[in-house]
Amino acid sequence: MRLSRYFLPVLKENPAEAQIVSHRLMLRAGMIKQQAAGIYSWLPMGFKVLRRIEQIVHEEQIRAGHIPLLMPTLQPADLWRESGRYDDYGQEMLRIRDRHERDMLYGPTNEEMITDIFRSHVNSYKDLPLTLYHIQWKFRDEVRPRFGVMRGREFLMKDGYNFDLTKEDALHAYNRHMVSYLRTYERMGLTAIPMRAASGPIGGDNTHEFLVLASTGESEVFYDAKVPELKLGTREVDFDDRAEVAAICEEFTTLYARTDETHDPAAFDKIPEERRMVGRGIEVGQIFYFGTKYSEAMGATVVTPEGNRVPVEMGSHGIGVSRLVGALIEANHDDKGIIWPEGVTPFHAGIVNLKQGDVSTDSACEAIYKALKLKGLDPLYDDRDERAGAKFATMDLIGLPWRITVGPRGLANNLVELTSRRSGESEEMSPEAAVERIAAIYVGV
RNA sequence: CGGAGCGUAGCGCAGCCUGGUAGCGCACCUGCUUCGGGAGCAGGGGGUCGGAGGUUCGAAUCCUCUCGCUCCGACCA
């Protein structure tokens, strides 16, 4: 993309309403525009990041054997009356009446609807196990939306639902989700720690939250210093292998890691003192096993091999997709702006033309731009007629991980500069070498 | 929902207390100069001061109501 033709309304000054760094930087980098309390438009660059995150979530869900579909944002109230949650959910549920005076609601989650889909089409144990998920906008009418997209009222969430014959099968689904989530967050460059959680209105006793460590997090967290060092890495996982999947879960949940809701000081004190960490975290996902809570209430049953009809065992699992954009920035920024991890960056590299209009720098930039595109990469070429300082400031603000700086001085010796946004370190090399280097960085990302 | 605060140009703000023709910086447009870390000079455009009502000769300013937003607390992906 050529910046002169893009829509990137960056702000030089800090918007007054933004208190935390991710919100401030998202507004300054032209990623979002607030439309009402807790409701945002996603401007082109914000939208790109959102889509990248969404894509990673999809890929990892599909890798784990889960099946995507799409349910609507608006739901009929009757489904929720069946489960009993129409009355339980309270003011957080946005209720709407249509022209025929039918009660509707903007879905805060989809347990009822997915259960309805399931019961309409599945009758036999032979169709199990089944895990369906979607990535869809949700609305929860928070009393006090804040922190930008991290706690909006409208938010994009991946929510998945597993249907199994036995509790044992359902717990395998639970474990599968835990492992797939670990990989999902790692691919985004995040360290998200699974922590035993309290269950809340979704119900169920088996539940973990995934927390990204950040000083601005809403939850207080207590953990063993060894926990953030755990990495799934690139190991191949057979998601059908129960023992293997369970072993990974054990690896990641044995060491102490709890939120304030489930904190157990006695257990915490057993950790060697130098490893006892107290901090704050941002919740970016949660998994639940809740058994037959919804299937019983809504008649989602299957016939067993023995010919009995039993309610299916279920669980649900969520990843806050739009929240992750904020969480990523909270975890990756400095005083100049955002620092995107390669896995989610809106553009793979930025090209800064220091002397727009100069024949040699213009054509060198064009050549680099085209070469990167030929490599299948998505560069952002700052071809505006701006001074160097302004271009650098914009690049630093929007946080592309790699920058190629092209100026007449270096070009005289066939050199451009490749700069890492994270380390700030620069290296001079030929334009061709810079392209090759960037292409190599993104192999496998 | 309890407490606090803010709405004046696209953004950041002053003006309000003590009523008298709406201002500054950034951004935007034009020209000249500049050109490796948010340039300089000159000129220019843009605001029914969130909305409604009231007091007054006169309201951004005082009063009443209302809408919106933010922050702190109790609740949540």
Side-chain angles (χ1 to χ4, degrees), chain A residues 9-20 23-24 27-28 30 33-39 53 57 89-93 107-110 135-160 181 192 197-202 207-212 217-219 259 261 281-288 316-327 336-337 352-358 361 382 384-397 403 405-411 415-417 419 424 426 428:
Chain A
V10 300
L11 305 175
K12 245 178 168 173
E13 287 169 288
N14 285 323
E17 75 269 22
Q19 297 299 312
I20 64 161
H23 190 197
R24 207 158 57 222
L27 290 166
R28 285 199 54 206
K33 165 154 174 45
Q34 181 168 340
Q35 306 291 169
I39 299 177
I53 292 170
V57 172
Y89 223 93
Q91 293 277 90
E92 260 192 30
M93 181 187 279
T109 177
N110 286 64
I135 297 179
Q136 177 62 290
W137 292 93
K138 307 287 187 290
F139 196 93
R140 294 184 191 172
D141 201 357
E142 299 277 347
V143 197
R144 191 185 156 208
R146 64 189 123 160
F147 304 152
V149 299
M150 293 224 293
R151 196 176 165 78
R153 291 193 291 172
E154 188 186 49
F155 57 97
L156 187 62
M157 174 168 132
K158 171 262 163 182
D159 45 322
Y181 279 24
S199 68
I202 310 265
T207 174
H208 280 84
E209 290 178 335
F210 289 77
L211 279 292
V212 171
E218 290 195 82
S219 317
T259 67
E261 287 177 327
I282 302 165
E283 188 191 340
V284 293
Q286 187 160 12
I287 55 179
F288 298 91
S316 74
H317 329 86
I319 292 180
V321 174
S322 49
R323 170 178 284 189
L324 270 167
V325 181
K336 293 180 191 161
V352 169
N353 185 341
L354 290 176
K355 197 168 185 184
Q356 204 69 43
D358 177 88
T361 55
D382 190 345
R384 295 172 305 161
D385 187 17
E386 290 285 348
R387 297 161 61 91
K391 291 191 178 188
F392 289 140
T394 298
M395 279 295 170
D396 288 344
L397 173 63
R403 183 185 83 203
T405 309
V406 182
R409 217 159 66 194
L411 224 45
L415 292 174
V416 298
E417 205 172 78
T419 306
S426 294
E428 290 200 314

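By convention in this document, chain letters (A, B, ...) are assigned in the order of the sequence lines, proteins followed by strands, and residues within each chain are numbered from 1. None of the values given here were measured: they were computed from a predicted structure.
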### Message
Ignoring hydrogens, what is the shortest heavy-atom contact between Leu156(A) and Gln136(A)? Give both atom names and the distance.
### Response
CD1-C, 3.4 Å

### Task
Rounded to whole angstrom, note down the P distance from rA22(B) over to rA9(B).
14 Å

### Task
Write down the distance between CD (Gln91(A)) and P (rA74(B)), rounded to a whole number of angstrom.
20 Å

### Query
Can you tell me the Watson-Crick or wobble partner of rC26(B), both distances under 3.5 angstrom?
rG10(B)

### Message
When both hydrogen-bonding distances must be under 3.5 Å and the geometry is Watson-Crick or G-U wobble, what is rC16(B) paired with, if anything?
### Response
none

#### Entry: Residue pair Leu397(A) / Leu11(A): nearest heavy atoms and the distance that separates them
CD2-O, 4.2 Å

Distances for protein N/O vs nucleotides 40-42 of chain B N/O pairs under 3.5 angstrom?
none

### Summary
Looking only at rA77(B), rC35(B), rC1(B), the nucleotide nearest the Arg144(A) side chain is rC1(B)

#### Entry: For Ser322(A), all residues meeting side-chain hydrogen bond (donor to acceptor under 3.5 Å, both in side chains), sequence neighbours excluded
none

### Task
For Met150(A) and Ala327(A), work out which heavy atoms get closest and say how close.
SD-N, 3.5 Å

### Task
Tell me which nucleotide among rG38(B), rC35(B), rC75(B) gets nearest to the side chain of Leu397(A).
rG38(B)

### Message
Is the phosphate of rA77(B) approached by Arg323(A) (side-chain N or O, under 4.0 Å from OP1 or OP2)?
### Response
no

### Query
Given the C1' atoms of rA27(B) and rU64(B), what is the spacing between them in whole Å?
38 Å

### Message
More than 12 heavy atoms of other residues, nucleotides or ligands under 6.0 Å from CD of Glu428(A): yes or no?
### Response
yes

### Message
Tell me every residue that passes side-chain hydrogen bond (donor to acceptor under 3.5 Å, both in side chains) with His317(A), counting only those two or more places apart in sequence or in another chain.
### Response
Asn162(A), His177(A)

### Task
For rU48(B) versus rG36(B), give the span between their P atoms, rounded off to a whole number of Å.
41 Å

### Message
Test of understanding: with salt bridge (Lys or Arg N to Asp or Glu O under 4.0 Å), list the residues that count as partners of Glu142(A), not counting sequence neighbours.
### Response
Arg151(A)

### Query
Do Phe210(A) and Ile319(A) have side-chain heavy atoms sitting under 4.5 Å apart?
no

## Note on the structure
Residue set satisfying side-chain contact (heavy atoms from CB on, under 4.5 Å) with Lys12(A), at least two apart, ordered chain then number -> none

### Summary
Rounded to whole Å, the CD-C1' distance (Glu218(A) to rC72(B)) equals 13 Å

### Task
Compare the aromatic ring of Phe392(A) with the six-membered base ring of rG36(B) and state whether they stack according to the 5.5 Å and 30° rule.
no

### Query
Mapping Val143(A) and Asp385(A) onto RNA chain B by nearest heavy atom, which one lands closer to the 5' end?
Val143(A)

### Task
Remember a base hit wins even if backbone is also touched, and classify Ala18(A) as base, sugar-phosphate or nothing at under 4.0 Å, heavy atoms.
nothing

### Task
Could you pull out all residues at least two apart from Arg144(A) that satisfy salt bridge (Lys or Arg N to Asp or Glu O under 4.0 Å)?
none

### Pairwise C1' distance, rC63(B) and rC26(B) [rounded to whole Å]
36 Å

### Message
Could you tell me how far apart Arg28(A) (CZ) and rC26(B) (P) are, to the nearest whole angstrom?
### Response
16 Å

### Query
What does Gly152(A) touch in the nucleic acid at a heavy-atom separation under 4.0 angstrom: a base, only the sugar-phosphate, or nothing?
base

### Task
Determine the contact category for Gly407(A): base if any of its heavy atoms lies under 4.0 Å from a base atom, sugar-phosphate if only primed atoms, P, OP1 or OP2 are that close, otherwise nothing.
base

#### Entry: Lys391(A): salt bridge (Lys or Arg N to Asp or Glu O under 4.0 Å) partners, not counting sequence neighbours
none

### Task
Report the distance from atom CD of Glu142(A) to atom P of rA77(B), rounded to the nearest whole Å.
9 Å

#### Entry: Residue-phosphate contact under 4.0 Å: Gln286(A) side-chain N/O, rA77(B) OP1/OP2
yes

### Glu283(A) side chain reached by Thr259(A) side chain, heavy atoms, under 4.5 Å
no

#### Entry: B/S/- contact track for nucleotides 8-15 of chain B, protein heavy atom under 4.0 Å
---BSS--

### Summary
Checking N1-N3 plus N6-O4 or O6-N4 for Watson-Crick, or N1-O2 and O6-N3 for wobble, each under 3.5 Å, the partner of rA39(B) is rU33(B)

#### Entry: Nucleotide opposite rU55(B) in a Watson-Crick or G-U pair, distances under 3.5 Å
none

### Query
Given the P atoms of rU61(B) and rU55(B), what is the spacing between them in whole Å?
15 Å

### Base paired to rU61(B) (Watson-Crick or G-U; both N/O distances under 3.5 angstrom)
none

### Query
When you check the phosphate oxygens OP1 and OP2 of rU70(B), does a side-chain N or O of Gln34(A) lie under 4.0 Å from one of them?
yes

### Task
Would you classify Ala393(A) as touching base, sugar-phosphate or nothing, given that sugar-phosphate means primed atoms plus P, OP1 and OP2, and contacts are heavy atoms under 4.0 Å?
base

### Query
Looking across every strand, which nucleic acid part, if any, lies under 4.0 Å from Arg153(A) by heavy atom: base, sugar-phosphate, or nothing?
nothing

#### Entry: Residue list, salt bridge (Lys or Arg N to Asp or Glu O under 4.0 Å) with Arg28(A), at least two apart or on another chain
none

### Query
So, does the side chain of Arg403(A) form a donor-acceptor pair with the base of rG37(B) at under 3.5 Å?
yes

### Query
Rounding to a whole Å, what distance do you find between Arg384(A):CZ and rG36(B):C1'?
15 Å

#### Entry: Separation between the C1' atoms of rG7(B) and rG51(B), rounded to whole Å
11 Å

### Task
Take the protein atom CG of Asp382(A) and the nucleotide atom C1' of rC35(B), then report the distance between them rounded to whole Å.
14 Å

#### Entry: C1' atoms of rG50(B) and rU34(B), separation to the nearest Å
42 Å

### Query
Can you tell me if the side-chain N/O atoms of Lys12(A) get under 4.0 Å from OP1 or OP2 in rG38(B)?
no

### Message
Please report the distance, rounded to the nearest Å, between CE in Met395(A) and P in rG36(B).
### Response
17 Å

### Query
What is the pairing partner of rG47(B), taking Watson-Crick or G-U wobble pairs with both distances under 3.5 Å in any strand?
none

#### Entry: Donor/acceptor link under 3.5 angstrom from Arg146(A) side chain onto base of rU70(B)
no

### Summary
Quick note, Leu354(A) side chain, CB onward, closest among rA77(B), rG36(B), rU34(B) is rG36(B)

### Summary
Sorted by position of nearest nucleotide on RNA chain B, 5' first, the leading residue of Phe147(A) and Val284(A) is Phe147(A)

### Message
Can you measure Arg387(A) atom CZ to rU33(B) atom C1' for me and round it to whole angstrom units?
### Response
11 Å

### Message
In whole Å, measure the gap between the C1' atoms of rA59(B) and rG53(B) for me.
### Response
13 Å

### Task
Searching all strands shown, indicate the nucleotide that pairs with rC75(B) (Watson-Crick or G-U wobble; both distances under 3.5 Å).
none

